[in-house]
Each structure stands twice: as structure tokens, then as C-alpha cells.
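The shown structure was predicted, so the numbers you read here are calculated from the model rather than taken from an experiment. Counting from 1, the numbers follow the sequence of the chain as shown.
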Amino acid sequence: MIARLYRIIPLIVLLALVALVVYFVVSYRSSPNRAKEVLIKSFTWLTGILSGFFAIASLYALLERNYFALDIAASFLVVTLIALGIVLVCKAVFLKHHPQYRKKPMRTEKKRRLR
């Protein structure tokens with residue numbers, strides 16, 4: 001069990017560093033609420049893509065009967081799925097407290113008046 005934790009620590013640290021950089025850059029350029037919105041949207045995509053990648057890698061390792069690679073890929077898959085779940089919970093809480101972010105207003109073209 002301890003050996004598995006050492007394998008996934010770099011992924012956890014990398015996700016945390018990316019989250020910090022994105023949050024501070026966007027909050028500096030815009031607002032903290034906009035930073036949270038961007039962070040939630042980007043991490044939904046990032047963890048979703050990583051989950052898909054590690055699921056495919058786990059399946060491939062299982063088909064090749066490479067149990068060492070399966071152990072590593074499955075550990076990373078569990079971490080990315082947990083991160084995706086955390087992001088979805090954060091999104092629900094954010095939208096509960098900021099309902100104005102739920103639906104974005106549609107942009108319409110200004111009609112020109114003919115004279």
C-alpha cells in the first residue's frame with residue numbers, strides 16, 4: 001500500500017501546482033470568481049482526459065497481462081477519478097453560491113439601423 005502512494009505523489013503534486021498557477025494567474029488578471037470558474041472548467045477537462053488515458057492504459061496492460069503496469073496505471077486512474085469527483089463537487093458548490101455563473105448570457109449582434 002505504501003509503495004502505491006509513492007507512485008502517485010508526483011501526479012498529485014503536478015495537479016496541485018497546475019491548479020495554483022492557473023488560480024493565481026487568472027485571479028490576478030481578472031477576479032477570484034472568474035479564476036474559480038476557469039479552474040473548474042479546465043480541471044474538468046484535464047482530469048477527464050487523464051482518466052480516459054489511464055483507463056485505456058489499464059485496459060491495455062490487462063490485455064497484455066502486464067500486472068506491474070496495470071498496478072501503476074490503475075493507481076493513476078483512481079487518483080484522476082477522485083480528482084474528477086472533487087472537481088464536480090466543487091462545481092456544484094460554486095454554482096450553488098454563484099447562480100449567475102450557471103447560464104452565460106447569449107451574445108447577440110447589434111443590428112445596424114439603416115437611414
Besides Tyr60, the hydrophobic cluster formed by Ile, Leu, Val, Met, Phe, Trp and Tyr side chains linked at under 4.5 Å, directly or via other members, contains none
[X] side, atom [atom1]; [Y] side, atom [atom2] - distance, nearest 0.5 Å:
X: Leu11; Y: Ile72; atom1: CG; atom2: CD1; answer: 12.5 Å
X: Thr44; Y: Leu39; atom1: OG1; atom2: CG; answer: 9.0 Å
X: Glu37; Y: His98; atom1: CD; atom2: NE2; answer: 10.5 Å

Output, in order, the C-alpha distance, side-chain angles, deciding distance and verdict of side chain to side chain contact (heavy atoms under 4.5 Å, CB included) for Leu70 and Asn66. CA-CA 6 Å; Leu70 176 64; Asn66 187 348; over 6 Å; no
Same cluster (ILVMFWY, side-chain, under 4.5 Å), [X] and [Y]:
X: Phe54; Y: Leu84; answer: no
X: Phe68; Y: Phe76; answer: yes
X: Leu62; Y: Val78; answer: no
X: Ile49; Y: Leu14; answer: no
X: Phe53; Y: Ile82; answer: no

Might you point out which heavy atoms bring [X] and [Y] nearest each other, and give the distance in Å?
X: Ser27; Y: Ala35; value: N-CB, 3.6 Å
X: Ala74; Y: Ser58; value: N-OG, 3.4 Å
X: Leu77; Y: Ala55; value: CD1-N, 3.8 Å

Hits for ring pair (Phe, Tyr, Trp, His ring centres under 6.0 Å) against Phe43, two or more places apart or cross-chain, chain-then-number order -> none
Show the numbers, then the answer: is there a side chain to side chain contact (heavy atoms under 4.5 Å, CB included) between Leu50 and Leu15?
CA-CA 11 Å; Leu50 285 175; Leu15 288 173; 4.3 Å; yes
*Residues Phe94, Asn33; criterion side chain to side chain contact (heavy atoms under 4.5 Å, CB included); working and verdict*: CA-CA 9 Å; Phe94 179 75; Asn33 285 337; 4.2 Å; yes
Side chain to side chain contact (heavy atoms under 4.5 Å, CB included) between Asp71 and Ser75, intermediate numbers included
CA-CA 6 Å; Asp71 187 36; Ser75 298; 4.1 Å; yes
So the side chain to side chain donor-acceptor pair (under 3.5 Å) pairs with at least one residue in residues 79-91 (sequence neighbours excluded) are Ser51-Thr80
